[in-house]
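Comments concern the structure below.
No experiment lies behind these values; they were computed from the predicted model shown. Below, read A as the first sequence line, B as the second, and so on, with proteins coming before strands; counting in each chain starts at 1. All values below come from the heavy atoms of this structure, side chains included, with hydrogens, waters and symmetry mates left out.
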Amino acid sequence: MSEQFRSIRGIHDGLPADVRRWRYIEDAAQRVFARYGFSEVRLPVLEPTGLFIRSIGSDTDIVSKEMYRFEDQGGDDICLRPEGTAGSVRAYLQAGLTRSGSQRWFYIGPMFRRERPQKGRLRQFQQIGAEWFGVSGPVEDVEALAMAHAFLNELGIADLSLEINSLGCPACRPAYREKLVAYLQARRQSLCDTCNTRIEKNPLRVLDCKVESCQAQLTDAPEMVSHLCSDCQTHFDALIAGLEALKIPYRINPRIVRGLDYYNRTAFEIVTGKLGAQGTVLAGGRYDGLIEEQGGPSTPAIGFAAGLERLAMLLPDIPGVQPDVAIVAIGESVRVYALKIANQLRRGGCRVIHCGGGSAKRQFKLADREQVRFVAVVGEDEMKSEMLRLKDMQSGEQTDIPVQDAIVCCKRMTPS
RNA sequence: GUGGAUGUAGCUCAAUGGUAGAGCCCCGGCUUGUGAUGCCGGUGGUUGUGGGUUCGAGUCCCAUCAUCCACCCCA
């Protein structure tokens, strides 16, 4: 007795019921993103490790402890991509598109992060992401947000809320950061242990600490949105004006922080209360410095990514396609003939399953379980007369009709 | 990486430390070519895995693995 294999921890199978949801989501993304002029790209799952160290930042959890990283047989340091933006920028530069005007891309694919699995958090998960290169204005920020909003709207998911913030820019963030650190240091004693380490590592992170006693200390903490430089302020104001004009509901959340180093100015999240601790369903923001950081010309950009599995959890079951007709073959003598009939029906555009033979009862049970609308009985009589005995499984009525008529009948009853 | 909960048939769950069961599902049958309800029968388990305590462990103890939930972090 050999041991059965299991999928790797936190890496799950996409079974038919899952994939139906995924496809539903992907189809919505394709439709909506097309309306905004975005084109799909398919980028590598394996990338040089250095790409992420440079792009995301070596101090981040993602890079420092969550990457599937290894040396391949040729001695190259490579890893499974933990997110999609870094690779998109790499591809954008590699293809020499910096002088081709703004580029509007989207992608759908697996990402890998070696974290402890929990609800809405897998080690291999899928993201639907959009990246828009070469645009700097608040207009594009509004459009990107409107596109994200339209996408989720298309899915019909209720009770989502959009939260926005500005992270400032290299001109105003350092001064704000100093002010915040001073504020936090004055309250060191009252903050939790993790927050104390965050003061040096990533002080902004303290702002969204979940510990109540910490939040109590932060009621009048300085917020980035009230320390923006005039350019950032103008940008933020225009973003808000755009959202208002499009009547997209939003909430300014000064506590939104980005874990990844490359973000600046606009940052946003769309969250649900229905997924426990992993309620962020879509998140993104502006990353004006990343392309230059990767060695390209200074190029502004904005993007977002949505978690496919998280969205899927918010969707009801999606019914699979049902066959129109099941072939029930009676007797050995019609074996080959029944196969031909099945294909003839398929060529005519019907979805056909073949019940495989055996007793009529067995085959009817099978057909019933598949919830087909019709059963076409093929026996010696039918073979001789080139007819089918077509039974409507809902009404129980059955009639003998020519094969061609059966095709028409089955197709008409189940349109799509 | 840290903490908590849970692992018994394909699924949902039973079984005072004393022979592992039920329901559903699945397979076959209830005369010859007709399904959903009915009746009969059947397959299926080294109780996640490995140790230990005991005359005896599904049950108690330890370890390990997996799943779930939370922290951390993030989509």
Taking [Y]'s backbone N and O only, do any of them form a donor-acceptor pair with [X]'s side chain (distance below 3.5 Å, no angle check)?
X	Y	value
A/R346	A/V352	yes
A/D13	A/L15	no
A/R258	A/G284	yes
A/E83	A/A86	yes
A/E131	A/S88	no
A/T272	A/K274	yes

When the [atom1] atoms of [M] and [N] are compared, how many Å lie between them, rounded to an integer?
N	M	atom1	value
B/G44	B/C27	C1'	11 Å
B/U6	B/U64	C1'	16 Å
B/U54	B/A14	P	31 Å
B/A15	B/G1	C1'	39 Å
B/U8	B/G58	C1'	6 Å
B/U16	B/U59	C1'	10 Å
B/G29	B/G33	P	12 Å
B/U49	B/G7	C1'	11 Å

In whole angstrom, give the distance that lies between atom [atom1] of [X] and atom [atom2] of [N].
X	N	atom1	atom2	answer
A/I25	B/A75	CD1	C1'	12 Å
A/M313	B/C68	CE	C1'	12 Å
A/Q363	B/C27	CD	P	13 Å
A/D193	B/G1	CG	C1'	16 Å
A/D61	B/A75	CG	P	12 Å
A/I157	B/A75	CD1	C1'	13 Å
A/D208	B/C73	CG	P	8 Å
A/N196	B/C72	CG	P	14 Å

So [X], base contact, sugar-phosphate only, or nothing? Heavy-atom distance under 4.0 Å.
X	answer
A/G120	base
A/A283	sugar-phosphate
A/E66	sugar-phosphate
A/L275	nothing

Would you mind pulling out the nucleotide paired to [N], Watson-Crick or G-U wobble, both distances under 3.5 Å?
N	result
B/U59	none
B/C71	B/G1
B/U46	none
B/C24	B/G10
B/A36	none

If you take atom types as modelled and just measure distance, does the side chain of [X] reach the base of [N] with a donor-acceptor pair under 3.5 Å?
X	N	result
A/R121	B/C72	yes
A/Q118	B/C73	no
A/R116	B/C71	no

Lys/Arg-Asp/Glu bridge criterion (N-O < 4.0 Å) met for A/R188, A/E200: yes
Tell me if the CZ atom of A/R335 is crowded by more than 12 foreign heavy atoms within 6.0 Å. no
I want to check one thing: is the phosphate of B/C68, taken as OP1 and OP2, less than 4.0 Å away from some side-chain N or O of A/K119?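 Indeed not, no polar side-chain atom of A/K119 lies that close.
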Can you tell me if A/K210 touches the phosphate of B/C71, counting only side-chain N or O atoms and a distance under 4.0 Å to OP1 or OP2?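 Yes, within the criterion.
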Among A/Y107, A/F106, A/W132, ring pair (Phe, Tyr, Trp, His ring centres under 6.0 Å) partner for A/F38: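 Answer after filtering A/Y107, A/F106, A/W132: A/W132.
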What nitrogen or oxygen pairs link the protein and nucleotides 63-67 of chain B at under 3.5 Å?
{"residue": "B/U67", "atom": "OP1", "partner": "A/G10", "partner atom": "N", "Å": "3.1"}
{"residue": "B/U67", "atom": "OP2", "partner": "A/R9", "partner atom": "NE", "Å": "2.9"}

Provide a list of protein-nucleic acid N or O atom pairs under 3.5 angstrom, restricted to nucleotides 6-12 of chain B.
none

Walk me through whether A/F125 and A/R310 qualify under side chain to side chain contact (heavy atoms under 4.5 Å, CB included). CA-CA 9 Å; A/F125 59 103; A/R310 287 186 186 177; over 6 Å; no
5' priority, RNA chain B, between A/E83 and A/G276 [closest heavy atom]: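 Looking at the nearest nucleotide for each, A/G276 comes out on the 5' side.
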By nearest nucleotide on RNA chain B, pick out whichever of A/T194 and A/V281 is the more 5' one. A/T194
Tell me whether the NZ or CZ atom of A/R187 lies within the 45° cone about the ring axis of A/Y183 and under 6.0 Å from its centre.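 Here A/R187 passes the 6.0 Å and 45° test against A/Y183.
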Please evaluate residues A/R265 and A/D141 with respect to the criterion salt bridge (Lys or Arg N to Asp or Glu O under 4.0 Å), reporting the C-alpha separation (whole Å), side-chain torsions for both, the decisive distance (0.1 Å), and the verdict. CA-CA 10 Å; A/R265 284 193 179 158; A/D141 293 25; over 6 Å; no
Treating primed atoms plus P, OP1 and OP2 as sugar-phosphate and everything else as base, which nucleotides of nucleotides 29-38 of chain B get B, S or - for protein heavy atoms under 4.0 Å? -B--BBBB--
Minimal heavy-atom distance between A/C172 and A/C232, with the atoms involved, is SG-SG, 3.8 Å
Nearest heavy-atom pair of A/C355 and A/V328: which atoms, and what distance? SG-CG2, 4.3 Å
Which label fits A/F268 and A/F304: parallel for a plane angle under 30°, tilted from 30 to 60°, or perpendicular past 60°? perpendicular
